[in-house]
Amino acid sequence: MKAFIFDLDGVITDTAEYHYLAWKALGEDLGIPFDRAFNETLKGVSRTESLERILRLGGRENDFSAEEKELLAIKKNEHYVSFISKITDADILPGIEVFLKELKEAGYKIGMASASKNAQTVTSQLGLLEAFDHIVDAATVIHSKPHPEVFLKAAEALRVDPKECVGIEDAVAGITAIHEAGMFAVGIGDPNVLTEADIVFENTARLTLEKLLVRI
Ligand code: G6P
Ligand code: MG
């Protein structure tokens with residue numbers, strides 16, 4: 001293995017919770033309440049595709065014009081941006097800074113594969129821009145996870161063969177994307193949800209290079 005490619009939301013910091021709260025509020029405004037189990041299917045999925053999935057859940061996929069959908073997505077993002085405006089380095093998930101340091105010292109390349117258009121802002125607020133050799137610009141990615149595009153772009157930018165990359169994800173769609181890219185998949189979260197991952201750590205505090213090296 002030569003490179004580690006991280007998802008952002010739910011792996012580096014707990015913004016997955018803020019995405020959930022912002023979508024949930026929009027869903028309730030639209031008369032489409034949903035629970036955490038449905039939210040699992042939104043994790044890692046782009047803004048426009050997430051909105052489509054919520055509208056489909058409520059049987060309202062034909063109720064809005066393209067312009068109206070655009071406004072709904074903007075409304076969700078404004079809510080999300082108000083949450084992330086307060087993020088600091090105190091919001092980096094436990095163990096992540098140590099793990100990034102371990103990887104750098106061991107000579108691995110480090111990338112980020114996030115589908116979020118807010119990824120640069122969040123990473124900057126966490127004070128972690130320097131920790132990554134490359135962050136894929138979500139604006140250049142056409143296909144949402146589970147498509148492998150974002151992971152393949154990260155590997156290409158790092159100049160590493162996908163087979164020599166480890167991807168780290170908290171989303172079911174993300175684990176699929178990692179495997180479709182031909183990479184080793186590390187899941188962060190519930191092993192009963194991330195059943196396809198090659199190895200699962202229940203939280204980031206348990207993630208260490210030592211534990212991974214015996215498996216990859
Ligand atoms: C990540 C998150 C998703 C989010 C997507 C788009 O993949 O896991 O929950 O919908 O990014 O984020 P954005 O900030 O562009 O709306
Ligand atoms: Mg995620």
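Quick caveat: nothing in here was measured; it's all calculated off a predicted structure. All ligand and atom numbering here is 1-based and tracks the order in the structure.
- The ligand atoms of ligand 1 that sit less than 4.0 angstrom from a heavy atom of Asn118 are 13 (P), 14 (O).
- Checking only distances, Lys43 never comes within under 3.5 Å of ligand 1, N or O to N or O.
- Under a 3.5 Å cut-off, the side chain of Ser124 and the backbone N or O of Gln120 do not form any donor-acceptor pair.
- The closest approach between Gly44 and ligand 1 falls below 4.0 Å for a heavy atom of the residue.
- Residue Asn77 places no N or O, backbone or side chain, under 3.5 Å from any N or O of ligand 1.
- At a 4.0 Å cut-off, at least one heavy atom of Ser50 sits close enough to ligand 1 to count as contact.
- Between Lys117 and ligand 1, an N or O atom pair is found at a separation short of 3.5 Å.
- Here the protein heavy atom with the shortest distance to atom 1 (C) of ligand 1 is Asp9 OD2, 3.2 Å.
- Distance from atom 16 (O) of ligand 1 to its nearest protein heavy atom, with residue and atom name: Arg47 NE, 2.7 Å.
- Taking the ring centre of Tyr80 as origin, the terminal cationic atom of Lys76 falls inside the region bounded by 6.0 Å and 45° from the ring axis.
- With 2.8 Å as the limit, Asp7 counts as an N, O or S neighbour of the Mg ion (ligand 2).
- When every heavy atom of Leu209 is checked against every heavy atom of Glu102, the shortest pair comes out as N-OE1, 3.5 Å.
- Across every non-hydrogen atom of Arg53 and Leu42, the tightest pair is CB-CD2, 3.9 Å.
- A heavy-atom distance below 4.5 Å is not found between the side chains of Glu164 and Met183.
- At a threshold of 4.0 Å, the pair Lys101-Glu105 counts as salt-bridged, since one of the basic side-chain nitrogens sits closer than that to a carboxylate oxygen.
- The atom name of the N/O/S atom in Asp9 closest to the Mg ion (ligand 2) is O.
- Among protein heavy atoms, atom 10 (O) of ligand 1 sits closest to Val45 O, 2.8 Å.
- For Asp170, the N, O or S atom closest to the Mg ion (ligand 2) goes by the atom name OD1.
- For the residue pair His179 / Asp198, a side-chain donor-acceptor distance below 3.5 Å is found, with atom types taken as modelled.
- A donor-acceptor pair is defined here as one N or O able to donate and one able to accept, closer than 3.5 Å; no such pair exists between the side chain of Lys43 and the backbone of Asn39.
- A donor atom on one side chain and an acceptor atom on the other are not found under 3.5 Å apart for Asn118 and Asp9.
- Counting atoms of ligand 1 from 1 in the listed order, those under 4.0 Å from a heavy atom of Ser116 are 6 (C), 11 (O), 12 (O), 13 (P), 14 (O), 15 (O).
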